[in-house]
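It should be emphasised that the depicted structure is a prediction, and the values quoted were computed from it without experimental measurement.
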Amino acid sequence: MKALRIHGARDVRVDNVDDPEIQDSRDAIIRVTSTAICGSDLHIYNGSIPQPRPMTLGHEFMGIVEEVGKGVKNLKRGDRVVVPFPIACGHCLFCDHDLPGHCENSNPEHYGPEGGLMTEKGGALFGYTDLYGGYDGGQAEYARVPYADYGPRKVPDNLTDEQVLFLTDIFPTGYSGIDWANVKGGETVAIFGAGPVGIMAAKSAWLRGASRVMIVDTQQYRLNLAAKAARAEGILWESHDQVVDEIRSKTRGYGADVVVEAVGFEPDRSLGDRAKAVINLEKGSDKVMLACFSAVRRGGFVSILGVYSSPFDNFPIHQIFDKGIIIQAGQAPAHKHIDKLLKHVSDGDVRLDDIISHRLPLSQAPHGYDIFRHKKDNCTKVVLKPGM
């Protein structure tokens, strides 16, 4: 089959590889009909999260069940399914507590309680390096899905792939940032990052009754899309102080009730930012997270959805303490939310496919990575179609 694999920093290729096979009684083989490139994939693409051997990327995919193991009783050949991005067993301590990203069985070689830089990581993720299980992802014609009796959800026939594809990751992830903050109605929400996850967080904020939603980005075209697709007030990032001052000016000087960080450790950076990282032996930058701590009101909530893979010097614990900021971060518990979010889509409460800017055949996946990384051609979200 054809599969998009990482071969090194900024080196992805569509290769001929062996078809996946059933390896466990709880496996399924999925013929991929739609898959997407995620901002998290760019961390591997850039070499910021290393992957030493070729591996099929992609954790946002859906398709048709071709084969199931003997232990999978809830799916059959021909079922159309969408697959949550964490690989989770469904019955360990963490799965029982709706924390599939911490599954203690899916990543046996690299799992542990510490959460270190290169050791004792969390549960497995599709296509997300050997440290997170080493499972090939879904940017391919076929994919093996472990624990298929727990993860995949059947999709109603009346919904297209693109209406439901983002239930795999970015919609549950954006929703988690709002759910963690326990948004009940009337809150002002500020979101840093008008990419796919940030826009999904904005859509989720409205679903949960927010009274005002602001979104920050360095690219005007992304702010324009956020305004159109999610009714978010755009703030163009020029500097830390300018953004924080603008958010405070819109909230009577307090700051936002809830701030969502949807960028991660590889934001747009100046030469000064890059020099600071080199001096401090840091990978990437924590500049967006720091802005979130300033932009939130005292006693407010900061949800960190962007990936952070290394420590940072001068972390402002003093500010967090003085302001009484509540923080939650990590991989979204996609399995926890996917069913209710699928219902929101089915009922017409929310639209997900309006963020797609590019639809490409799998053969053009390297081009998709290039335009997504460099924000060329007003790229916001790339969907790959293996059947094109």
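- Aromatic ring centroids of H358 and F372 lie 6.0 Å or more apart.
- Donor-acceptor pairing under 3.5 Å is recorded for the side chains of K385 and S34.
- Side chains of Q319 and S294: a donor-acceptor N/O pair is present below 3.5 angstrom, by distance only.
- Atom CD1 of I29 sits about 8.0 Å away from atom CD of Q23, to the nearest 0.5 Å.
- Using a cut-off of 4.0 Å between Lys/Arg side-chain N and Asp/Glu carboxylate O, R359 and E162 are scored as salt-bridged.
- One side chain, Y308 or E261, offers a donor N or O that lies under 3.5 Å from an acceptor on the other.
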Between side-chain atoms of residues 90-102 and protein atoms elsewhere (two or more places apart, or another chain), which donor-acceptor pairs fall under 3.5 Å?
residue : atom : partner : partner atom : Å
H97     : ND1  : L93     : O            : 2.8

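- Nearest heavy atoms, P333 versus S176: CD-OG, 3.4 Å.
- Residues meeting the salt bridge (charged side-chain N to carboxylate O under 4.0 Å, His left out) test with R13, sequence neighbours left out: D11.
- In summary, K2 and E141 do not engage in a salt bridge, as defined by a charged side-chain N under 4.0 Å from a carboxylate O.
- Using a distance-only test at 3.5 Å, with no hydrogens or angles considered, a donor-acceptor pair links the side chain of Q163 to the main chain of T160.
- Considering all non-hydrogen atoms of both residues, A190 and A256 come closest at CB-CB, 3.8 Å.
- The hydrophobic clustering, which links ILVMFWY residues whose side-chain heavy atoms are closer than 4.5 Å, places Y150 and L167 apart.
- Across all their heavy atoms, I356 and T380 have their closest contact at C-OG1, 4.4 Å.
- Under a 4.0 Å N-O distance rule, the pair D354/K228 does not qualify as a salt bridge.
- Residues H59 and D169 have side chains that bring a donor and an acceptor to within less than 3.5 angstrom of each other.
- Checking side-chain atoms of T35 against main-chain N and O of E60 turns up a donor-acceptor pair under 3.5 Å.
- Closest approach of A202 to A230, counting heavy atoms only: CB-CB, 3.7 Å.
- Results of the ring pair (Phe, Tyr, Trp, His ring centres under 6.0 Å) test with H337 over F171, W180, Y175 single out Y175 as the only residue that passes.
- Within the model, atoms CG of L159 and CZ of R80 stand 7.0 Å from one another, a figure rounded to the nearest 0.5 Å.
- Formation of a donor-acceptor pair under 3.5 Å by the Q364 side chain with backbone atoms of L360 is not found in this model.
- Heavy-atom neighbours of R252 CZ from other residues, nucleotides or ligands within 6.0 Å: at or below the threshold of 12.
- Side chain to side chain, Q139 and T56 fail the donor-acceptor criterion of an N or O pair below 3.5 Å.
- N105 approaches Y147 most closely through the heavy-atom pair O-OH, 3.5 Å.
- A salt bridge is defined here as a Lys NZ or Arg NE, NH1 or NH2 lying under 4.0 Å from an Asp or Glu carboxylate O, and R10 with D370 fails to meet this definition.
- Within a 6.0 Å radius of CE in M388, other residues, nucleotides and ligands contribute more than 12 heavy atoms.
- In the displayed structure, Y254 atom OH is contacted under 6.0 Å by at most 12 heavy atoms of other residues, nucleotides or ligands.
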